[in-house]
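Within every chain, numbering begins at 1; the chains are lettered A, B, ... in the order of the sequence lines, protein sequences first and strands thereafter.
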Amino acid sequence: MASPSSSSHLNFAFVPKIEPKAEPLELDFPISPIGRMPNLTHGISELTSLSPATDGEEKLFTEYHRLISTLLPTSGATGSSDSTAVLAVPIPDSPAPILTAGMSVNKRRRRDRSSEMVRICSLREKDRIHFRNLIRRARITFESLRLLIKQVEAREKDFGIPRKSSRPDLKAAALMTNCDLWLNRHKRIIGSIPGICVGDIYFFRAELCVIGLHGHIQGGIDYVSASRSSTGEPIATSIVASGGYEDDEDGGDVLIYSGHGGREGNLRKMCVSQKLERGNLALERSMRYGIEIRVVRGMKIDRGPNGKVYVYDGLYKVVDCWMDGGKSGLGVYKYKLLRIEGQEEMGSSMFKQAATLQVSSLSARKGGYFCSDISMGRESLPVSLYNDLDDDKDPLHFQYLAHPLYPPDIQSQFHGDGRRGCECVTDCSSECYCAALNGGEFAYDAGGVLVRGKPLIYECGTACMCPPSCPNRESQKGIRRRLEVFRSNEIGWGVRSWDLVQAGTFVCEYSGIVLTKEQTELLSFAGENLVHPSRFPARWAEWGDVSDVFPNYMTPRYPLSPELSFSLDVSRARNLACYLSHSCSPNVFMQFVLYDHHNPSFPHLMIFAMENIPPLRELSIDYGVMDEWAQKLIAM
DNA sequence: GCTTGCTCAGGCTA
DNA sequence: CTAGCCTGAGCAAG
C-alpha cells in the first residue's frame with residue numbers, strides 16, 4: 001500500500017482514516033448511577049429507542065402537510081435517462097402531494113423527561129460511532145425541517161399571506177417533539193452525552209434541546225427538579241453561558257456564572273435579589289455532590305443565520321458558590337466553575353485560535369505554515385499549507401487546478417448543446433427558466449444555503465442574464481472560507497477551515513483533469529488510480545431528508561442525473577479537495593452541479609457541508625470505495 | 001391531571 | 001446598528 005506521499009501516480013490523500021461501520025449496539029457498557037439514584041435496569045438500548053413518526057398533534061401537521069406538499073420532491077417527475085429529455089420536462093403544475101390529507105397521525109402524549117440520572121463512563125468505538133450517527137441524524141432532520149419551513153414561509157410571503165412571527169427553529173423542534181424525535185429524554189444524562197463532541201456548534205437553542213444537550217429553550221440552567229430527584233433536591237446538569245447577565249465573567253477554563261432570577265419579564269436589568277431556589281439551588285447541590293456540568297457557550301460571530309453560535313465546551317465542576325453584591329447592587333448568586341482536565345480543546349478557544357490565524361501574516365505564525373496559498377491565486381481565497389510534523393510539502397508539487405479541465409472535444413460539444421439561460425434581470429424567481437430545470441424551485445435559499453440535496457442541480461450560468469450575485473449561482477462563486485491543507489499523524493493530509501462552516505453551505509469544488517469513459521478504461525487498465533464520481537455514495541440524499549417526521553417524504557429524483565462514466569485524474573493537477581479524508585460519518589458530501597454547460601454526463605463535483613463544522617475541525621467525505629480499501633488495510 | 005409563572009430566544013421594526 | 005417589542009414553548013412548581 002502506497003503512502004499518501006510516495007505513490008508515483010495517485011498521490012491524493014484520502015487514505016488512512018478508517019472507521020468501522022456503525023453496528024447495532026450491545027448493551028453492556030458501564031453506567032454508574034449517581035448518588036442514591038437506582039441502578040440502571042433497562043440497559044442503554046433505551047437511549048436508541050426513537051419511535052417512528054406516528055404520533056403528534058394534528059394542527060401543526062395539517063398546516064405543514066398542505067404547505068410542504070407543494071415543495072417537497074415527489075415521485076411524479078419521471079423521465080428517461082436521456083439528457084435531452086431532462087431539459088424538456090416542464091415545471092410540474094401541481095406536484096403530487098407527498099403528504100396526503102388523510103394521513104393518519106395517532107395522538108400520543110409527548111413523553112415527559114425522565115428523572116433517572118445516569119452517567120455514561122466509557123463507550124466502545126462502535127458505540128461511539130452509533131451514537132454519533134444518531135446525533136447527526138437528529139441534527140440533519142432539525143436543520144432540514146428548519147430550512148424547509150423557511151422556504152415554505154418565504155413562498156407564502158410571495159403570495160401575500162401574512163405571518164405574525166416566524167420561528168422556523170421552534171417549529172422544526174415542535175415537529176420533532178410530536179414525533180418523539182428528541183434525544184436523551186428518557187434518561188437524565190450526567191456528564192458527556194454519547195455522540196456529542198466537545199467543540200460541536202449549534203445555531204439555535206432549540207437544537208440543543210432536540211439532541212438533549214440542554215433542556216431549556218430559554219433557561220440557562222438545566223436541572224433535575226427537586227420533586228423528581230430521589231433526594232428531593234434539584235441537581236444541575238448543564239448551563240448555557242450566553243453572557244446574558246451583566247455579572248458573568250468568562251475566562252475559558254474558569255467560568256464565573258451568575259444564577260437566574262431577579263429580573264422582570266425579558267428585561268436585561270436586575271430588579272430584585274436572586275434567591276437560592278430552582279436552578280440556583282441545583283447548581284449549589286451539584287457542587288456539593290461533585291456533579292459535572294455540561295457547559296455551552298454562546299458566542300457572537302459575523303456569519304451564520306443569527307449572528308450567534310452555541311459551542312459545547314465540555315464538562316466543568318462547580319467549585320465555589322457565593323452571594324455577590326452585583327454591579328446593580330442587588331444580590332446575585334455566583335458560581336465558579338472549573339473545567340475538568342483531560343478533555344478535547346475547548347470549541348470556543350478554537351474560534352479564538354482560528355481568528356488569530358485570520359489576522360496574522362505567514363511569517364508571524366508559528367512554525368508549520370509552509371505556504372500561504374498553494375492555489376497561487378487561482379481560488380477566490382488563499383489556501384494555506386500546514387505541516388508541523390515533517391518536511392513533506394507534497395501539495396506544492398502539483399499543478400493547481402481550481403476548476404476541472406475538460407477534454408477539448410467534450411468542451412466543444414458543450415458549446416453546441418443548444419443551452420440557453422434565464423432572462424431574469426434582477427432576482428430569479430420561480431418562473432425563471434433555470435428554476436424550471438430544477439423542477440420549479442431553486443436548490444438554495446436566499447442566503448445561499450442548500451435546502452436539500454438533489455441528484456443534480458442546475459445553477460444559473462454563463463448563458464443567463466441574471467447578475468453574478470444571483471443566489472442560484474452559489475457553488476460557482478468559489479470558496480468563501482479560508483481553507484487549509486494540513487498534515488497530521490492520523491490522516492496523512494487533511495483539509496480544514498479557519499472559519500466555521502454552516503451546514504448546507506458550499507465548501508469547494510472537486511477538481512482535476514476530466515477523462516472520458518474510454519480514457520478512464522484505458523488508464524484504469526494501466527493501473528492508474530482515478531477519482532470516479534459515480535462511486536461517491538448518494539450522501540446528498542441525507543441532506544434535506546425529513547422522512548423521520550414526514551414518512552411519505554421521498555428523496556428527490558429530479559433533475560435526473562445519468563450514470564456518470566467519466567473520471568478525474570488528479571495525479572498531475574488537482575485542487576485542495578483531493579486532500580479530503582474519508583469517513584463513514586462524513587461532515588461534507590458530494591453534490592453534482594451544472595452551470596457552464598448543460599451536459600448532465602459531466603457535472604461539476606461540488607462539496608457541501610452536512611453539519612455545522614467548527615473552525616479547524618477536519619473535513620471528511622464518504623468516498624464509498626473506501627470500505628473495500630479499508631478492509632484490505634485492516635487485513636494487513 | 002391542569003394551570004401558571006419563569007426563562008441568558010430570536011425575529012422584526014422603528 | 002441597536003433598543004425595544006412581541007411571541008414563543010418547554011419546564012418546574014403549585
**Q** Under the side chain to side chain donor-acceptor pair (under 3.5 Å) test, which residues partner A:Arg481, sequence neighbours left out?
**A** A:Thr505

**Q** Using Watson-Crick pairs (N1 to N3, plus N6-O4 or O6-N4) and G-U wobble pairs, both distances under 3.5 Å, which stems of at least 3 pairs involve DNA chain C?
**A** B:2-7 with C:9-14, B:9-14 with C:2-7

**Q** So which nucleotide from B:dG10, C:dA13, C:dG8 ends up closest to the side chain of A:Arg205?
**A** B:dG10

**Q** Look at all strands and tell whether A:Ala173 reaches a base, only sugar-phosphate, or nothing, counting heavy atoms closer than 4.0 Å.
**A** nothing

**Q** I'd like to check the salt bridge (Lys or Arg N to Asp or Glu O under 4.0 Å) partners of A:Lys317; sequence neighbours left out, ordered by chain and number.
**A** none

**Q** Within the pair A:Thr177 and C:dA9, is there a side-chain N or O less than 4.0 Å away from OP1 or OP2?
**A** no

**Q** For A:Glu542, which residues count as a salt bridge (Lys or Arg N to Asp or Glu O under 4.0 Å) partner, sequence neighbours excluded?
**A** A:Arg136, A:Arg539

**Q** At 4.0 Å (heavy atoms only), tell me whether A:Arg146 reaches a base, stays on the sugar-phosphate, or touches nothing.
**A** nothing

**Q** Output all residues satisfying side chain to side chain donor-acceptor pair (under 3.5 Å) with A:Ser225, sequence neighbours left out; order by chain, then residue number.
**A** A:Ser227

**Q** Indicate whether OP1 or OP2 belonging to C:dC11 is found under 4.0 Å from a side-chain N or O atom of A:Arg185.
**A** yes

**Q** Give one of base, sugar-phosphate or nothing for A:Asp169, where a contact means two heavy atoms less than 4.0 Å apart.
**A** sugar-phosphate

**Q** Just jot down the side chain to side chain donor-acceptor pair (under 3.5 Å) partners of A:Ser348, sequence neighbours excluded, or say none.
**A** A:Asp313

